[in-house]
Trainee: 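Structure incoming, see below.
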Amino acid sequence: MDHFPTNWGRPRSEAFDAYATYPIHQRPQNGPKDAFTSGVQHTQQPIVTGTSVLAILYKDGIMMAADNLASYGSLARFKDVKRLHAVGNNTVIGAGGDMSDFQYIQNILDELMIDEFTSQDGHSLGPAEIHEYLSQVMYARRTKMNPLWNSLLVGGYKDKRRFLAYVDLLGTTYSASTLATGYGAYIAQPLLRKAVEGREDQLTEEEALEIIETCMKVLYYRDARSLDKYQVATINDKGVNISESRHIATSWSFAEGIRGYGSQTQ
């Protein structure tokens with residue numbers, strides 16, 4: 001990829017740097033490129049990334065949450081990124097990993113739903129079909145050695161049945177009553193299992209929200225790539241509802257009692 005704005009296809013005089021990016025004597029060479037850079041290149045690693053997505057079953061449907069941060073390496077770069085995406089009237093996908101690949105996935109899913117709508121055959125794609133489609137897309141890209149660098153949760157409610165499943169960049173799929181991606185798979189998943197497993201048919205929406213909020217708070221305390229601003233999606237027989245951004249109420253007063261770290265050695 002050519003990272004220099006001066007070379008992005010805008011006609012200009014070789015004697016004048018239109019963007020004033022480099023002194024003329026230091027301007028990158030704009031001539032023929034070597035065989036590698038002119039060939040087909042694949043994404044070698046994710047660049048702008050999102051962290052954990054959490055999802056659980058409760059008695060009336062599915063609840064999913066993700067924060068609004070997209071990090072550029074260790075820089076908290078974009079703080080208003082929506083990582084929960086509604087697909088149709090009864091499905092939501094949540095994405096961790098590379099955000100540009102997630103935008104690509106959003107586009108192909110939107111095109112898929114348009115094609116389904118225009119067919120006018122009386123059928124609509126539900127969460128199980130969306131998950132199967134994504135698993136095939138992810139596996140196909142993996143086999144081409146050009147994966148989509150994402151971990152996706154697919155949740156939905158259709159025909160009075162709840163659906164929650166996972167798919168990643170390798171095309172690996174599985175389903176459970178509690179799912180988490182990223183750092184949440186290590187920190188939040190044990191908490192979710194303890195609170196949810198065996199109670200999927202008893203949890204109310206309010207109890208499910210409390211569990212999700214607790215886990216998002218723990219992740220904000222523990223995960224350096226997380227943010228105290230997040231969204232919650234609820235999918236039930238009323239359809240899909242993705243909340244406005246919420247803020248986590250946190251307290252850092254416990255740090256005053258920590259000894260042995262930083263300047264506090266006594």
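Quick caveat, the model's predicted, so the values are computed rather than measured.
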Trainee: Using modelled atom types only, decide if a donor and an acceptor are shared between the side chain of D98 and the backbone of I47 within a distance under 3.5 Å.
Mentor: yes
Trainee: List the steps and the verdict of side-chain hydrogen bond (donor to acceptor under 3.5 Å, both in side chains) for E116 and S124.
Mentor: CA-CA 7 Å; E116 184 68 19; S124 62; over 6 Å; no
Trainee: Looking only at non-hydrogen atoms, find the nearest pair between T91 and V240 and report the distance.
Mentor: N-CG2, 3.7 Å
Trainee: Looking at every non-hydrogen atom in both residues, tell me the closest pair between M216 and A66 and how far apart they are.
Mentor: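 Scanning both residues, the minimum pair turns out to be CE-C, 4.1 Å.
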Trainee: Would a distance-only check, ignoring hydrogens and angles, find a side-chain to backbone donor-acceptor pair under 3.5 Å from S226 to L219?
Mentor: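 Yes: the side chain of S226 pairs with the backbone of L219.
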Trainee: Could you go through H85 and I105, starting from their C-alpha distance and side-chain angles, then the distance that decides it, and tell me whether this counts as side chain to side chain contact (heavy atoms under 4.5 Å, CB included)?
Mentor: CA-CA 10 Å; H85 178 68; I105 291 170; over 6 Å; no
Trainee: Do any pairs count as a ring pair (Phe, Tyr, Trp, His ring centres under 6.0 Å) and have a residue in residues 147-172, sequence neighbours left out, and if so which ones?
Mentor: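 Sorted result for residues 147-172: H131-F163, Y166-Y174.
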Trainee: If you take all heavy atoms of A76 and S71, which pair is closest and at what distance?
Mentor: CA-OG, 4.4 Å
Trainee: Please check if the side chain of E200 supplies one atom and the backbone of G198 the other of a donor-acceptor pair under 3.5 Å.
Mentor: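 Yes: the side chain of E200 pairs with the backbone of G198.
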Trainee: Kindly give the heavy-atom pair with the smallest separation between K82 and F102, and that separation in Å.
Mentor: O-CE2, 3.8 Å
Trainee: May I ask you to decide if L164's main-chain N or O and S175's side chain share a donor-acceptor pair within less than 3.5 Å?
Mentor: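 Yes: the side chain of S175 pairs with the backbone of L164.
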Trainee: I'd like to check the side chain to side chain donor-acceptor pair (under 3.5 Å) partners of E132; sequence neighbours left out, ordered by chain and number.
Mentor: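 Q136.
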Trainee: One pair to check against side chain to side chain contact (heavy atoms under 4.5 Å, CB included): D237 and K160. What are the steps and the verdict?
Mentor: CA-CA 7 Å; D237 57 358; K160 298 183 179 180; over 6 Å; no
Trainee: May I ask whether L191 and Y220 are part of the same hydrophobic cluster, defined by side-chain heavy atoms of I, L, V, M, F, W, Y residues being less than 4.5 angstrom apart, directly or through others?
Mentor: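 Linked, L191 and Y220 end up in one cluster.
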Trainee: Under 3.5 Å, side chain of T118 to main-chain N/O of I114, donor-acceptor pair present?
Mentor: yes
Trainee: Over all heavy atoms of both residues, which pair between N150 and A95 is shortest? Give the atoms and the distance, please.
Mentor: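 It is ND2-CB, 4.4 Å.
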Trainee: Tell me if a side-chain donor or acceptor on R193 pairs with a main-chain N or O of T178 at a distance below 3.5 Å.
Mentor: no
Trainee: Not counting sequence neighbours, which residues clear side chain to side chain contact (heavy atoms under 4.5 Å, CB included) with T143? List them please.
Mentor: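 Here the qualifying residues are Y139.
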Trainee: Sort out for me which residue in R246, K79, K229, Q231 forms a side chain to side chain donor-acceptor pair (under 3.5 Å) with N68.
Mentor: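 That would be Q231.
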Trainee: Run L84 and M64 through side chain to side chain contact (heavy atoms under 4.5 Å, CB included) and show every step you take.
Mentor: CA-CA 8 Å; L84 301 178; M64 191 179 297; 3.8 Å; yes
Trainee: Under the side chain to side chain contact (heavy atoms under 4.5 Å, CB included) criterion, do T51 and L69 qualify, and how do the steps go?
Mentor: CA-CA 8 Å; T51 182; L69 179 66; 5.9 Å; no
Trainee: Same cluster for I248 and L192 if Ile/Leu/Val/Met/Phe/Trp/Tyr side chains link at under 4.5 Å?
Mentor: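 In one cluster: yes.
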Trainee: Give me the atom names and distance for the closest heavy-atom approach of V92 to A233.
Mentor: CG1-CB, 4.1 Å
Trainee: Answer with yes or no whether the side chains of S177 and E197 bring together a donor and an acceptor at under 3.5 Å.
Mentor: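 There is no such pair (donor and acceptor under 3.5 Å, judged by atom type) between the side chains of E197 and S177.
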Trainee: Give a yes or no answer on whether the side chain of N236 reaches the backbone of K238 with a donor-acceptor pair at less than 3.5 Å.
Mentor: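 Judged by distance alone, yes, a pair lies under 3.5 Å.
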Trainee: Would R83 and D67 count as a salt bridge (Lys or Arg N to Asp or Glu O under 4.0 Å) here? Give the steps.
Mentor: CA-CA 7 Å; R83 299 196 289 122; D67 67 29; 2.9 Å; yes
